[in-house]
Amino acid sequence: MALDSGIGTLAGPGDVTAPVAKRVRTERVHHGDVFIDEYEWLRDKENPEVIAYLEAENAYTEAQTAHLGGLRDKLFDEIKARTQETDLSVPTRTGEYWYYSRSFEGKQYGVHCRCPVDSAAEGIDAWTPPQLEVDTEIPGEQVLLDSNQLAEGHDFFTLGAFSVSHDGNLLAYSVDTSGDERYLMRFKDLRTGEVLADEIAGTAPGATWSLDGTHVFYQTVDESWRPDTVWRHRLGTAKDDDVKVFHEPDERFWVSVGATRSKKYLMIWLGSKITSEAWVLESDNPEGDFRVVLPRRDGVEYSVDHAVVGGEDRFLILHNDVVDGVKALNFVLAEAPVSDPSKMTLLIGHRDDVRLEDIDPFAGHLVLSYRREALPRIAIWPLTESGYGERRELEFDLELFAVGSVRNPEWEQPTLRIGLTSFITPMQVFDYVPATGELLLRKEQPVLGGYDANDYEQDRDWAIAADGTRIPISLVRKKGLPAGPKPLLLYGYGSYETPIDPGFSVSRLSLLDRGMVFAVAHVRGGGEMGRLWYEHGKTLTKKNTFTDFISCARHLIDTGVTSADRLVADGGSAGGLLMGAVANLAPELFTGILTNVPFVDPLTSILDPSLPLTVIEWDEWGNPLADKEVYDYIKSYTPYENIEAKDYPAILAVTGINDTRVLYVEPAKWVAKLRATKTGDTPLLLKTEMSAGHGGVSGRYEQWKEVAFENAWLLDTLGLADA
């Protein structure tokens, strides 16, 4: 292997040598603490030595996993064989068209299409999606956008905005071809197929049309990749003439723009981790001035949507402000007149065991989304002439599941499109009819090869944390596994109040069918069990996230579900911080750790306000620049700075060179320091995708190859490579 001067070698199995990064002394001084960072030089990706090191790590990883090539091919073929490659989604009605997407065998990306609604249909029949066949010509079909054509000539591609004007005549779309999440927006006249001359570079994903289709509102990001500005573009004019309609200077806030479902109002949203604010403008007056709904107050979050209740326009406001002297941690729902949103009337009060998450208004009913007992729920709430009817929660005969409203663009539609899935249930798409209570199955994700959900089982278990807190664990396995400890993959995340809900995975079947158990540790810091669950796993309680995961691992070992030599931990991004922390705290519990784009050098990143998104993160982790207690606390758990000379599990870290959220340098530094410090001979691998961002490689076949690569490593680590 040819090596740059910045790379040494470390003896490995056979003739393979592991690259060893050079050490360059860099001092970091804060609050009187001096930290010597010997691998900070890896941050400069313009430096040829850095690229050479990353490529040497890739070559080492390729050599160390070369014996798994046949298994990778087999796993890829299994994913492919179970997937209906030529398929189409359930059509969704918007205006006078049915919109749907197609996939084709051999093509990496989807194709967006539409066909006309049969004007003869009336009533509920007009909302019954047509039974379109993938292998027959669809009358009146129009291809709106073929992502395969847009991706030609690019190593990476992702679609950002895809927004059709309200009259159905124009399409705004944007693309990212580098993975850095800055998009190029274009416009297409759907009547002629012509791509218009208008072109806007450097946008955030998303586009919102004015009611008359003359203007588009979009966002741009600042140097830290924070969406901070909303612009108004008048179609047919130059980008230089675009009007800045809103700018947020406070670096803690993230800005977005959208519209109410009723299309009556345009909305600008501002959100930090703990505070929010909304601005509103009538959508038939796109050149008017937005006005604030409720002025921001630190620590108060709210969302707002428009409903017509008893013939009157109302704002429905979900908030966590103080109600009757008590902070509504899990949120309450109120209504208010549009003319004065501060005059709120409480509709749903606070409950300790229910976390209200969303309210979705339609002309005839509301959809309430909430969380109870670590699972998502939805309820339908009819709107009557006099006000509100009786709420009804939708129930499903599954111990574990995830349910939610999916693409429902129309204000007056008489059906509600919902999606239901579980660890053993492929995604099901239903139309719920509020008037009758019928639940009509429109499509179930096809799984080829004779998949039978009855061959698998899912259940809920609970671990006990050191402080007595019960931590939910979700498990799925194939029925009839032999007695004794099983090979097990334990996944965790635990940040940003993000729940990890049950979901089906085609690729996971290849693991389950080889006798593995898959489990999710629903640790604090996530959103499964209400706002306090999140609060008790952030800032100065962040270590609960790590110790909860360790408690779950120990519980699964102590109860005989698995054993330490058959247990691999998995987590990515902020879940990668979790992986790095448990590797330091309890390496003896795991035989392997798999992590994608891991946030393993958080203190260095959070100390630098110039890095992407750092200031926004201070509400999640604390501000170590301003607060020595926060600095000391983060330093006590940050994976990179707590590496020790001890045996670690086998580790595979995957990252992307163009990631703007968790920079590639974090796993690169982590692996470099681990390689120089750890004892033992367990494999330590770093794989850097040289043309990808935070979401990894693009294109479904490339993504399947990446999953096959990771799953082959996983099976090999667990001694199942020949299974």
Between the side chains of [X] and [Y], is a donor N or O closer than 3.5 angstrom to an acceptor N or O?
X: Thr421; Y: Gln428; value: no
X: Thr86; Y: Arg102; value: no
X: Glu141; Y: Tyr100; value: yes
X: Tyr701; Y: Glu706; value: no
X: Tyr265; Y: Asp305; value: no
X: Tyr456; Y: Asp513; value: yes
X: Trp231; Y: Thr220; value: yes
X: Glu78; Y: Ser510; value: yes

For a quick test of reading the model, state the closest non-hydrogen atom pair linking Cys115 to Pro139 and the distance between them.
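Closest pair (atom of Cys115, atom of Pro139, distance): CB-O, 3.8 Å.
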Return the minimal non-hydrogen interatomic distance between Pro502 and Ala402, and the atom names on each side.
O-CB, 3.3 Å
Is there a side-chain contact between [X] and [Y] (heavy atoms, below 4.5 Å)?
X: Pro598; Y: Met579; answer: no
X: Leu577; Y: Val600; answer: no
X: Leu715; Y: Leu71; answer: yes
X: Val447; Y: Phe504; answer: yes
X: Phe76; Y: Lys80; answer: yes

Under the side chain to side chain donor-acceptor pair (under 3.5 Å) rule, what do Arg114 and Gln142 come out as? Steps first, then yes or no, please.
CA-CA 5 Å; Arg114 73 181 181 185; Gln142 179 184 9; 2.9 Å; yes
With sequence neighbours left out, what residues match [X] under ring-ring contact (aromatic ring centres under 6.0 Å, His included)?
X: Tyr97; value: none
X: Phe104; value: none
X: Phe430; value: none
X: Trp98; value: none

[atom1]-[atom2] distance between [X] and [Y], expressed to the nearest 0.5 angstrom:
X: Trp209; Y: Thr214; atom1: CH2; atom2: OG1; result: 9.0 Å
X: Leu170; Y: Asp198; atom1: CG; atom2: CG; result: 9.5 Å
X: Phe599; Y: Ser573; atom1: CZ; atom2: OG; result: 8.0 Å
X: Leu509; Y: Ile424; atom1: CG; atom2: CD1; result: 11.0 Å
X: Glu62; Y: Phe709; atom1: CD; atom2: CZ; result: 8.5 Å

List the steps, then state whether salt bridge (Lys or Arg N to Asp or Glu O under 4.0 Å) holds for Glu105 with Lys107.
CA-CA 6 Å; Glu105 183 175 356; Lys107 292 190 175 183; over 6 Å; no
Which residue pairs pass the ring-ring contact (aromatic ring centres under 6.0 Å, His included) test when at least one of the two sits in residues 185-207, sequence neighbours left out?
Phe187-His233
Test of understanding: with side-chain hydrogen bond (donor to acceptor under 3.5 Å, both in side chains), list the residues that count as partners of [X], not counting sequence neighbours.
X: Thr61; value: none
X: Ser210; value: Asp212
X: Glu497; value: Arg355, Arg531
X: Asp455; value: none

Any pair counted as salt bridge (Lys or Arg N to Asp or Glu O under 4.0 Å), so long as it reaches residues 404-418, sequence neighbours left out
Lys263-Glu410, Arg417-Asp431
Is there any salt bridge (Lys or Arg N to Asp or Glu O under 4.0 Å) pair reaching into residues 187-196, and which pairs are they, with sequence neighbours excluded?
Asp189-Arg191
Salt bridge (Lys or Arg N to Asp or Glu O under 4.0 Å) between Arg226 and Glu223, intermediate numbers included
CA-CA 7 Å; Arg226 174 183 68 98; Glu223 292 181 356; over 6 Å; no
Output yes when a side-chain donor or acceptor of [X] lies under 3.5 Å from a complementary backbone atom of [Y], and no otherwise.
X: Arg186; Y: Val175; value: no
X: Tyr664; Y: Leu42; value: yes
X: Ser422; Y: Thr425; value: yes
X: Asn148; Y: Gln108; value: yes

Kindly state whether the ring of Phe396 and the ring of Phe401 have centres lying under 6.0 angstrom apart.
yes
Taking the six-membered ring for Trp, are the ring centroids of Tyr109 and Phe157 within less than 6.0 Å of each other?
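Ring-ring flag for Tyr109/Phe157: true, centres closer than 6.0 Å.
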For Asp241, check side-chain contact (heavy atoms from CB on, under 4.5 Å) against everything at least two apart and list the hits.
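Counting only residues at least two positions away or on another chain, Asp241 forms a side-chain contact (heavy atoms from CB on, under 4.5 Å) with Thr237, Ala238.
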